[in-house]
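Below you'll find the structure, written out as structure tokens, and then a few comments.
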Amino acid sequence: MSKKEIKTNNTWESDKQKDSPVDRFDSPKENDEDLESDSKIATEENIQWTNIEKIVFRVVFIFFFLLIVPLDIDFYAKWFTTDWSNLHIRDLGGLSGSSFNPIKIVENNTGAGDIGGISKSNVSFLKINAESGTFGVASYINWGLAFLIGLIGAAIWSIFDKKSKNYRKLYYFLTVAVSFSMLIRLNGLTFSKVFPTQMPDLALTQLNTDFGDFTAQKLYWIQLSFVHNYEIFAGLAELLIMILLFFRKTRFWGAALALAMIGNIAVVNHAYDGGIHLAASFYVIAGGFVVWRYLPQIWNLIVNEKNTALNLYQFPYKEKWQKYLRIGLKTFVFGFYFILSGYLHWYNYKYDSYKVPSRPGLTDARGLYQVTEFKLNNKPLVYSPTDSLRWKNVTFEKWSTISFSVFNTFLIHGEAGRGKQVKDVDRAYESAGTGGGRRHFYYEADTINKVLTLYNKNKVYKGEQMTLRYDRPNKSRIILSGINEYKDSIYVVLDKKDRKYPLYEGRQSSIKAF
Amino acid sequence: MSQIITNKETNLDKIQVGPIKEDSKPIIEIESDVKASKSEWTNFEKIIFRIAFIFFGIFCIPWDAGFYRFLYNLDYAHITYGNLTEIVAFFNPQFVNIFSESGFFGWASYINFPFVLIIAIIGGLIWTALDKNKKEYNILYYWVRVLARYRVAYAGIAWGYKKLFIMQMPFPNTGLQHTDFIDFFAKRLYWESLGIAPYYEVFLGFAEFLAGFLLLFRKTTSIGAIMAFIVFGNIAIANHSYDIGEQVPSAAMAMLALFVFWFYLPGIYKLIVKQENVQIANFYPSFSVKWQNYARLSVKYAFNFVFVILFFGLEVYAFTHNDFYKIPNTPGLKDSKGYYNVTEFKLNGKIIPYSPNDSIRWHDVTFEDWSSLSFKVVNRPQQIQMFAAGSYPRLGEVYDGKWSINWEGDIRRFGSEGSKKHKKRDPAKRDLNINWELSGVGNERKWYHYKADTVNQTLYLQNKNKVDRNQKQVLHYTRPSDSRIILWGINEFKDSIYVILDKENSIVPLLKDGRKPVPEFK
């Protein structure tokens, strides 16, 4: 039996230090005490970046500076004007940053250009109207602007700053700032998944809507609504990203995971016109930026199978005030964006899930009803699937929304139910993004006089109102009579229908509809 | 600097690493961390390796006897992409079958993992007793990693192709667009939510394919392994959330991918977290005898050819010849696709008015691009057709929660039931047997496959539901205008019906932004 030779792939390159470009970025030592002793080792002052490297860095620095540092006064004012004793998750969004968008794109659909809850700065230089501005390439125009400013700024900077040999310190702090910006902006989206309020349970009206009546954008959002444990899993993954970005040693993993996971969300948004692609794409460039530093070494290590060392520069924080400042800032960030945010989101989930209306509906009225009798101006109308006036079926929810279906294709308000609406009538997660024949009305009930006042939730039909008297002769019947949205008088007899739901029956986990 | 000393007896290299820079500490840790470069493993490492070798080895090689019977019975003259998918994408050791809810969707479905682990531990202990003198297993470690790599690679490529060619998640058909959201099983909604975004499906397919493809090459194995771990791990978790039932193959692939990546993990950790100088040394057996090298290369090239290149060719052929396994491909009545209201319905000569509770009078009708017709009635329950691997109880199967060990392995796929499925299929029945239109959806819509006799203007319909195949209708048709179809004849209950259908041309919000089933490449 022949002996097998064993080849190894070890190649020791002892002269590596001088040749690799990596080492000109950083000092090879972790301890500062050794810095001065050996003149052969590159020190902070000696390391020389090439001109190209310096210019590229200047551009990148300005670009990210514009994107992550809030540039409008309103943001800073918020810290003083927020009502701290009555904090709500909506306040947190505004305090998580401000977006850079001096060029405003005229919104063709509400809800486009979403930046995930952080406030839009009101500074505006230009308003443009672009075909692809809502969901396509043109929505990135402000990044292009930032890049342009970066180029110009870098040119000016280069003229004034001939002496700097390298920007290691700035590079380090930029990496830290970008990482923290990523994790701070993520807090709202993370905790509203960990406590599933971002994609709440589906309303009965949605369950009784034809699949084709949902826009792709709406389907993108509700696909997590009926699998809460997957939503929680996604939220925990984002929480992991936040934690990994927080600590120096794991920053790479956080950035890599952010790039992969939230980059995927950016692609999904482009495929479905989800509307939140700007926020998600930010993580692609920010995560990519943080990861970039490590890539050559990792490639060297696992693909080329060579000897490698990272030789990362980290700011030494030698002075006491530096140490205290660092710890103080980190503690604040942790306390505010992790603990406080988590608590507020949990509270919201438990008591007032922000996308779901809060006002309770008529007692025990929730359910699907068929329309046994329908009179329009005292004339009875027979059931017909092609009648645009006679109601086909009606749903009552746990909260004060009533919806009914007729034969029509109403205009869609494409909000995708996002944003932090305060009033119930504006909480449109249940109705946004659906076309077809369902109409949704927010109602206020006067239980003494037994009158319902209805307001159309669809922003396109905002003015429509109804006033209906209601009567409940028994548990499963409701009789409504009054004036409808077209100022006609109607008389409707509703009988509750018992319906089995394949979506919820026979699931292994005990998921229930709202 | 470093020294390499060759031990002349064992012909192994012993690497002594000296300091790289004059004034830094000598870096000795490299030798002890990089397992493959060690010339001697500790006893603990050896035992763990023996168990791991058996455990992961079992997962990489098919053991189900039913699987080999399936291979034997394959129609090699007419091999299809479906056959290749089934070879690589599904099997996993399935010695123990459990038929219960947890056994399909929950913890009990993983029963084979601890079962194989026990076998591995016993085997490992026996091996330890027999093989006391071996110093290290670098070569065997290499080979078991090769097995795991290729196993995951082919699975990733197979699953990737399914999505790259938009086969796994077809675009929702007309009937589905007019089905209430609540009538979909969560599982089916998972499929549909991908089906409506074909470009995203292609992107996901590419990600799966790339993960698998990178695993085929030594240098990119680590990248492929971590990608595969994330992709397959995510699929396993989604399976649990949506009650899909295919979590075990995905979890097994994720586990194997992690095993492959494990080799690189200490090095990467040291590099990035501890920020030390590091190298990952690998051992590759070199074949001194020529025929060994030729054998290795020819096996490798043969497998790669079949499972990557031939597979790709078959997929392209199917894509261009309208052979999507979930969609019938007999064309339907020309330009009939759409959603129709039933303007008039006569049963045995008597007009029946519309009622939302009617179980005989059709509520609406849809025609598709292919020869299927569907109509909606209520209060007429039908058996729900399921899908996605064989992981749900079928009609007549035991469902008693007991363990059953079967030599055939996955008896639902390879047992006697399964082997019937794998017999040569009648191509004429292809469309009838495809019940994707109704899989995982509630019971209001009835789907019929039809054969159209355009000369005599007659449709011969047959119910696609596997339990209701005996329901047949023979209907004559006329098309007085573009949007009206009149049908009359004998229905499935031997009554005569007369139906007037009028196409409804309302806008479907889902299609409003120009969504199409397949992105246009022309």
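Predicted model, so just to flag it, every value in this text is computed and none were measured. Below, chains carry the letters A, B, ... as their sequence lines are ordered, and counting in each starts from 1.
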Side chain, backbone, both or neither: which part of B/Ile226 has an atom under 4.5 Å from a heavy atom of chain A? neither

Closest heavy-atom pair and its distance - A/Phe211, B/Leu176: CB-O, 3.3 Å

Non-hydrogen atoms of A/Ile302 and B/Tyr264 that approach each other most closely: CG2-CD2, 4.1 Å

Of A/Leu301, A/Thr409, A/Val382, the largest count of non-hydrogen pairs under 4.5 angstrom with chain B goes to A/Leu301

Residue A/Lys497 versus chain B: region with a heavy atom under 4.5 Å: side chain

Is there a side-chain contact between A/Leu219 and B/Phe181 (heavy atoms, below 4.5 Å)? yes

Please determine, among B/Asp364, B/Ile230, B/Ile237, the option with the most heavy-atom pairs under 4.5 Å with chain A. B/Ile237

Side chains of B/Asn234 and A/Tyr230: donor-acceptor distance under 3.5 Å anywhere? yes

Interface residue of largest heavy-atom contact number with chain A, from B/Ala207, B/Pro356, B/Gly267, under 4.5 Å: B/Pro356

Under 4.5 Å from any heavy atom of chain A - which part of B/Phe203: side chain

Show, in sequence, the C-alpha distance, side-chain angles and deciding distance for A/Trp299 and B/Ile223, and conclude whether the side chain to side chain contact (heavy atoms under 4.5 Å, CB included) test is met. CA-CA 9 Å; A/Trp299 186 265; B/Ile223 304 176; 3.8 Å; yes

Is A/Tyr294 in contact with chain B via its backbone, its side chain, both, or neither, using a 4.5 Å heavy-atom distance? side chain

Can you name the residues that form a salt bridge (charged side-chain N to carboxylate O under 4.0 Å, His left out) with B/Asp358, not counting sequence neighbours? none

Who wins among B/Thr174, B/Ile268, B/Val342 for the most heavy-atom pairs under 4.5 Å with chain A? B/Ile268

With only heavy atoms counted, which part of A/Phe252 is less than 4.5 Å from chain B, the side chain, the backbone, both or neither? side chain

Check each atom of A/Phe407 against the heavy atoms of chain B and say whether the ones under 4.5 Å are side chain, backbone, both or neither. side chain

If I measure from the heavy atoms of chain A, does B/Glu504 come under 4.5 Å with its side chain, its backbone, both, or neither? side chain

In terms of relative ring orientation, are A/Phe226 and B/Tyr242 parallel, tilted or perpendicular, with 30° and 60° separating the classes? perpendicular

Applying side chain to side chain donor-acceptor pair (under 3.5 Å) to B/Tyr354 and A/Asp387, what does each step give before you reach the verdict? CA-CA 12 Å; B/Tyr354 186 97; A/Asp387 195 329; over 6 Å; no

Chain A contact via B/Ser193 - side chain, backbone, both or neither, heavy atoms under 4.5 Å: both

Which atoms of A/Glu231 approach chain B - backbone, side chain, both or neither, heavy atom under 4.5 Å: neither

